[in-house]
Amino acid sequence: MTTEATALQLGLTAEEYQKIIELMGRVPNFTELSAFSVMWSEHCCYKNSIRWLKTLPKSSPKMLAEAGEENAGLVDIGGGLACAFKIESHNHPSAIEPYQGAATGVGGINRDIFTMGARPIAQMNTLRFGDIALPRNQHLIKGVVKGIGDYGNAFGVPTVGGEVFFDPCYNTNPLVNAFSAGIVATDKIASAIAYGEGNPVFIVGSATGKDGIHGAAFASKDISEDSIKDLPAVQVGDPFQEKLLLEATLEVIATGHIVGMQDMGAAGIICSTSEMSAKGQHGMDIDLDKVPLRQAQMQPFEILLSESQERMLVVVKKGFEAEVIRIYDKWDLHCVQIGEVKTHTHVRFFKAGELVADIPAQALVLGGDAPIYDRPYTEPPYFQQAQQFDIQQVKEPTQLADLQAIAKYLLAHPNIASKKWVYEQYDSMVGTANGSTNAPADAAVVLVKGSLFGKSNLTKSLVMSVDCNGRYVHANPEVGAMIAVCESARNVVCAGGEPVAITNNLNFGNPLNTEVYWQFVGTINGITQACIQLGTPVTGGNVSFYNQSASVGKAGGDVNNAVFPTPTIGMLGLMDDLTHQTTLDFKQSGDWVYLIGQSHNDIGCSEYVYSYCQVKLSPAPHFDLETEFQLQQIVKTLIRKGVLASAHDVSDGGLLVALAESMMPRGLGVDLQISLPQGVRADAFWFGESQSRVVVSVSPQQQAAFEAALQQAAFPFQRLGRVAGSAFQVNGETWFDCAEALTWYEQTLPSFLSA
């Protein structure tokens with residue numbers, strides 16, 4: 001039998017151990033307590049976050065499954081098709097073993113999609129690393145990027161977008177967030193549920209080994225110098241096996257013989273059996289001797305907790321076992337019946353004929369008896385310090401040479417410069433029947449051909465973006481989170497899409513630190529406000545706490561040892577007509593260039609003030625939610641009327657970077673005639689990152705219609721100049737030419753990547 005000391009060693013608290021005894025009606029044995037330790041980890045039951053996650057908006061007419069109901073969010077895209085999409089983290093494994101940590105993150109998120117019956121058609125990722133000059137971070141970057149590329153390329157799903165960001169706050173904890181989207185016919189959707197007395201339970205896919213044991217618990221504690229000892233908690237992936245599993249699974253679902261299925265991700269067999277049973281209000285009897293193993297003499301708790309990859313649990317309608325086995329056998333995959341669904345509501349596990357664990361399914365799961373905590377939170381001192389920033393603390397650059405130097409610095413900065421050295425390692429065109437595009441745009445556009453899913457008359461596109469500036473969220477969690485949602489939506493709009501719904505990956509430090517938790521609460525409030533305003537409900541996602549160095553002193557450690565709060569937003573949009581697709585590049589000389597939106601005398605949290613001026617605390621950029629909503633409606637209308645030749649949102653690096661990025665694809669320069677708006681400094685105008693602004697180009701034939709539309713909407717805009725030549729010219733002075741900008745922006749491959 002176990003003791004309180006055993007529970008503490010497994011990461012449970014003394015109070016949780018007593019609650020387990022009450023739920024069980026007895027003292028749990030070691031296998032049972034191990035099951036609770038992973039299922040009651042933050043990674044599985046969201047015990048420190050669910051109180052606030054429940055406040056997020058989750059409903060809309062297009063939602064087919066609300067957050068938490070299935071393995072991924074599910075949105076109706078019309079014509080009898082739905083899109084399943086989700087983003088999840090693999091931060092801790094990637095910090096210890098970057099290649100497998102990132103690769104298995106890609107594998108896991110794709111399994112979440114195809115266990116719902118959806119064929120993955122697009123992947124994205126969002127990566128955060130520490131100082132790019134440090135050898136450890138270079139090792140992590142190389143491993144993570146190669147892991148994503150090797151797995152995704154071999155699995156055969158295009159990587160169509162993403163982001164990479166560097167800051168010393170991520171030195172200990174890199175963030176590796178993986179996004180996947182897939183398409184399913186609405187009459188072929190599979191659910192993660194178990195019911196029906198006597199229905200057989202199968203484990204399919206790879207054999208079970210000792211990799212990944214206690215991986216969920218490992219992801220629910222701080223990184224320390226001893227974390228390398230948790231290396232067995234990092235899973236090992238096989239993309240070729242997963243490709244077989246994908247094809248076999250979709251074929252099996254199409255037979256109609258499946259009751260339910262679930263990916264074996266975090267917490268492995270114990271998670272899949274308990275969650276499917278709890279959802280169906282049934283139980284399961286499982287014979288662990290029948291589980292295919294890679295290693296001999298595995299203990300019951302090891303079999304239950306293993307997170308070996310490329311495995312799924314499938315409940316089959318009784319009488320159809322032979323057909324299901326035949327399909328998996330055709331794809332050369334394990335398909336072994338390991339148990340049955342029962343009318344009792346426990347998950348019971350047997351080994352060598354003995355009952356080794358007997359647990360009420362509801363006791364283990366989120367939404368059941370898993371603990372829920374309402375953590376206290378306090379405002380950190382740095383927040384008020386940031387509000388004290390005065391722009392006058394920074395000397396205004398007024399000379400051309402100073403402005404040129406800043407422009408060069410920003411265009412070459414790792415957070416702004418081209419990430420070609422990353423994305424060229426990813427295959428963006430594999431599976432081109434799905435029509436993914438590589439046009440330079442603010443969001444990825446992926447064509448959905450209905451004929452691939454039995455809907456021959458449907459042709460539409462998914463428009464997707466992943467975004468978050470953790471620096472903004474750190475400065476002001478509520479405002480920064482609103483900006484993250486709105487920037488992701490703005491990118492979708494600028495590419496020609498209509499924002500529909502989001503998935504989010506909430507990356508924070510230790511929730512026991514009241515200042516970290518203050519960041520979390522503010523972030524949830526910000527996401528809620530933005531999603532309500534934009535009409536983009538939250539379909540689900542992932543919470544990743546404990547992204548900080550090991551706690552020292554007070555509970556939860558120091559907020560300054562945590563990563564910037566980084567609530568990554570994955571925005572899904574739809575485009576019904578591909579003629580609406582809009583790219584960011586200037587198209588032809590003579591077109592007019594405009595700024596839609598108002599410039600403010602604001603350099604808060606910009607890359608300019610943070611990196612170039614080395615001011616580390618300043619307020620989040622100027623932002624107004626209602627103004628942002630109006631901007632997006634205007635840009636959508638202009639695109640649908642065919643008025644815009646290009647559209648590109650103003651974000652990192654400010655107006656200067658947005659203009660340069662629109663110039664470089666075709667080598668077209670600009671001749672700008674600029675009068676600074678009253679009260680706006682030169683650095684704020686060119687390099688400030690105040691929100692709700694979009695750079696557009698308009699043909700001379702559409703100029704009158706463009707200006708009339710903005711005037712009618714009473715929305716601010718400024719004519720900047722025209723597309724002309726091959727240089728960036730302002731009031732007759734040349735700042736740089738396109739070739740120069742491209743040299744700075746697309747620097748040679750970082751030397752450490754070829755080492």
Side-chain angles (χ1 to χ4, degrees), residues 73 83-89 102 105-106 109-110 113 120-128 144-145 148-149 151-153 155-165 175-183 415-432 434-448 461-469 484-505 536 541 566 568-575 578 581-585 647-649 651-652 658 661-662 665:
C83 176
F85 72 112
K86 189 180 183 182
I87 191 168
E88 280 205 342
S89 64
V106 172
I109 195 65
N110 280 302
I113 300 305
I121 66 169
Q123 302 173 134
M124 298 192 291
N125 54 73
T126 170
L127 312 177
R128 302 288 188 278
V144 165
V145 172
I148 291 171
Y151 200 104
N153 298 351
F155 181 56
V157 177
T159 300
V160 298
E163 57 174 2
V164 186
F165 188 89
L175 303 184
V176 178
N177 297 174
F179 171 103
S180 181
I183 302 298
N415 287 342
I416 292 173
S418 169
K419 306 305 185 298
K420 180 182 288 190
W421 55 274
V422 173
Y423 66 70
E424 284 191 341
Q425 298 183 57
Y426 305 151
D427 192 333
S428 63
M429 296 301 289
V430 63
T432 51
N434 293 317
S436 54
T437 72
N438 280 327
D442 282 1
V445 178
V446 178
L447 184 64
V448 178
S461 299
L462 303 182
V463 187
M464 300 164 289
S465 179
V466 285
D467 288 284
C468 180
N469 189 315
V485 173
C486 290
E487 182 182 356
S488 202
R490 192 162 66 242
N491 283 330
V492 166
V493 167
C494 286
E498 172 78 36
V500 171
I502 75 163
T503 178
N504 58 42
N505 202 146
T536 55
T566 310
T568 303
I569 304 298
M571 179 68 69
L572 177 74
L574 295 177
M575 186 191 301
L578 199 56
Q581 184 175 357
T582 306
T583 55
L584 61 82
D585 51 317
H648 186 23
D649 87 309
S651 56
D652 297 350
E661 289 177 339
S662 293

Can a donor-acceptor pair be found, under 3.5 Å and without considering hydrogens, that links the side chain of Asp652 to the backbone of Asn415?
no
Quick one: does Asn505's side chain have a donor or acceptor within less than 3.5 Å of a partner on Ser89's backbone?
yes
State the CD1-CE distance between Ile121 and Met464, to the nearest 0.5 angstrom.
6.5 Å
Set out, in order, the CA-CA distance, both residues' side-chain angles and the distance that settles side-chain contact (heavy atoms from CB on, under 4.5 Å) for Arg490 and Asp442, then state yes or no.
CA-CA 8 Å; Arg490 192 162 66 242; Asp442 282 1; over 6 Å; no
Side chain to side chain contact (heavy atoms under 4.5 Å, CB included) with Phe85: of Thr503, Val500, Ile502, only one passes, and it is Thr503
One should read off an interatomic distance between Ile148 CD1 and Tyr423 OH, to the nearest 0.5 angstrom, of 16.0 Å
Kindly indicate, with the supporting measurements, whether the criterion side-chain contact (heavy atoms from CB on, under 4.5 Å) is fulfilled by His648 and Asp585.
CA-CA 8 Å; His648 186 23; Asp585 51 317; over 6 Å; no
Considering all heavy atoms, the nearest Pro499-Val492 contact
N-CG1, 4.0 Å
Please report the C-alpha distance between Cys468 and Arg128 in whole Å, then the side-chain angles of each, then the deciding distance to 0.1 Å, and finally whether the side-chain contact (heavy atoms from CB on, under 4.5 Å) criterion is met.
CA-CA 11 Å; Cys468 180; Arg128 302 288 188 278; 3.8 Å; yes
Side-chain touch Leu578/Val445, heavy atoms, less than 4.5 angstrom:
yes
To the nearest 0.5 Å, what is the distance between SG on Cys83 and CD1 on Ile183?
4.5 Å
Smallest separation among heavy atoms of Pro665 and Glu661, with atom names:
CD-O, 3.0 Å
Do Asp467 and Asn491 get their side chains close enough for a donor-acceptor pair, meaning under 3.5 Å?
yes
Looking at side-chain heavy atoms only, is the closest gap between Val463 and Met571 below 4.5 Å?
no
If we only count heavy atoms from C-beta on, is the Ser428 to Thr159 side-chain gap below 4.5 Å?
no
Measure across Phe155 and Pro120 and return the closest heavy-atom pair with its distance rounded to 0.1 Å.
CE2-CG, 4.4 Å
Any chance you could measure Met575, atom CE, to Glu498, atom CD, to the nearest 0.5 Å?
11.0 Å
Looking only at side-chain N and O atoms, does Thr126 offer a donor or acceptor that is under 3.5 Å from a partner on Asn177?
no
Would you compute the distance between atom CE of Met124 and atom CD1 of Ile109 and round it to the nearest 0.5 angstrom?
11.0 Å
Min side-chain heavy-atom separation Val145-Val164 under 4.5 Å
no
For Leu584, is there any backbone N or O sitting under 3.5 Å from a side-chain donor or acceptor partner on Ser662?
yes
Keeping Asn153 on the side-chain end and Asp427 on the backbone end, is there a donor-acceptor pair under 3.5 Å?
yes
Steps toward side-chain contact (heavy atoms from CB on, under 4.5 Å) verdict (Val106, Asn125):
CA-CA 9 Å; Val106 172; Asn125 54 73; over 6 Å; no
Got a donor-acceptor contact below 3.5 angstrom from the Ser488 side chain to the Ser465 backbone?
yes
Inter-residue atom distance Lys86.NZ - Leu572.CG, 0.5 Å rounding
15.5 Å
